[in-house]
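Here's the structure we're looking at; comments come further down.
Throughout, residue positions are numbered sequentially from 1 according to the sequence presented. Quick caveat: nothing in here was measured; it's all calculated off a predicted structure.
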Amino acid sequence: MIEQDLKNADLKTLFEMVDKIGRKRYHRLTSADLEDYRKYDNWRYVQADPELGSTPISKKWVADHSTPTCPVCGDAHYLRGGKNIDHKMPRAQYPWLSMNFQNFWVICRACNLEKAEMNWYEYERHCFKNYPDRYHHILEARPQKLLLSLVNEN
Ligand SMILES: [Zn+2]
């Protein structure tokens with residue numbers, strides 16, 4: 001599929017396509033994929049333990065890649081539990097994207113908890129339905145390049 005087709009595809013088509021690719025890929029996970037999953041915890045947390053706090057390198061990344069307000073709800077992060085790095089494509093389903101920075105964005109803790117393990121397209125659909133006035137922010141954050149890379153590797 002060429003890039004233009006993907007850009008023009010409607011949400012339902014994209015959702016079905018990526019969901020299919022995610023499921024297919026998930027059945028041939030390698031130990032390297034799971035290693036990426038662990039690598040993220042080592043990068044993010046002191047001794048890979050969230051209780052011990054964030055590492056200086058991931059704190060700096062968050063500071064450099066976030067705005068004062070959450071891109072989803074528009075509130076100041078500190079009012080909603082602080083800044084969280086969310087994996088746009090959940091790492092439970094896409095562990096090989098755990099350490100892919102294109103897959104990261106900084107949202108508030110409350111929005112992160114609400115997103116939970118939703119696939120990006122489930123999440124877009126969820127926001128479109130529940131927060132239509134905020135939907136354009138979600139659309140801007142769509143991980144287009146990652147989706148293309150998923151399509152191209154299959
Ligand atoms: Zn938020």
Residues, nucleotides or ligands: over 12 heavy atoms within 6.0 Å of Glu51 CD = no

When rounded to the nearest 0.5 angstrom, what distance separates CZ in Arg142 from CD in Glu124?
-> 4.0 Å

Find out whether His126 and Asn130 are in side-chain contact, i.e. whether some heavy atom of one side chain is under 4.5 Å from a heavy atom of the other.
-> yes

Do the side chains of Met118 and Ile85 join up, straight or via other hydrophobic residues, at under 4.5 Å, putting them in one cluster?
-> no

Heavy-atom check, side chain of Met89 versus side chain of Tyr123, under 4.5 Å | no

Looking at CG of Leu147 and CH2 of Trp120, how far apart are the two atoms once the value is rounded to the nearest 0.5 Å?
-> 9.0 Å

Shared hydrophobic cluster, Val72 / Tyr121 (ILVMFWY, side-chain heavy atoms < 4.5 Å) = yes

Strictly by modelled atom types, are Ser54 and Arg44 linked by a side-chain donor-acceptor pair under 3.5 Å?
-> yes

Are any of the side-chain heavy atoms of Tyr78 and Lys83 separated by less than 4.5 Å?
-> no

Flag if over 12 foreign heavy atoms under 6.0 Å of CZ, Arg109 = no

Under 4.5 Å between any side-chain heavy atoms of Ile138 and Cys127, yes or no?
-> yes

Check the surroundings of atom CG in Leu52: do more than 12 heavy atoms from other residues, nucleotides or ligands lie under 6.0 Å from it?
-> yes

Candidates Asn103, Asn100, Asn119 - the one meeting side chain to side chain donor-acceptor pair (under 3.5 Å) with Tyr94 | Asn119

Would a distance-only check, ignoring hydrogens and angles, find a side-chain to backbone donor-acceptor pair under 3.5 Å from Asp36 to Asp33?
-> no

Close side-chain approach of Ser98 and Lys39, heavy atoms under 4.5 Å | no

Can you tell me how far the NE2 atom of His87 sits from the NZ atom of Lys115, to the nearest 0.5 Å?
-> 9.5 Å

Mind checking the OG-CD1 spacing from Ser66 to Ile107? Nearest 0.5 Å is all I need.
-> 12.0 Å

In Å, rounded to the nearest 0.5 Å, how long is the span from NE2 of His137 to OG1 of Thr69?
-> 8.0 Å

Would you say Val106 and Trp61 make side-chain contact, with heavy atoms under 4.5 Å?
-> yes

Does the Asp49 side chain pair with the main chain of Tyr45, one donor and one acceptor, at a distance under 3.5 Å?
-> no

Apply ring-ring contact (aromatic ring centres under 6.0 Å, His included) to Trp43 and Tyr37, showing your working.
-> CA-CA 10 Å; Trp43 175 82; Tyr37 194 96; over 10 Å; no

Does any non-hydrogen side-chain atom of Lys88 lie less than 4.5 Å from one of Trp105?
-> yes

For the residue pair Phe101 and Phe104, does the interplanar ring angle fall in the parallel (under 30°), tilted (30 to 60°) or perpendicular (over 60°) class?
-> tilted

From His77 atom NE2 to Cys111 atom SG, the distance as rounded to the nearest 0.5 Å | 9.0 Å

Would a hydrophobic clustering, with Ile, Leu, Val, Met, Phe, Trp and Tyr connected at side-chain separations under 4.5 Å, put Phe128 with Leu139?
-> yes

Taking the side chain as every heavy atom from C-beta outward, state whether Pro90 and Gln93 have any atom pair closer than 4.5 Å.
-> yes

Carboxylate-amine/guanidinium contact Arg91 Asp41, below 4.0 Å | yes

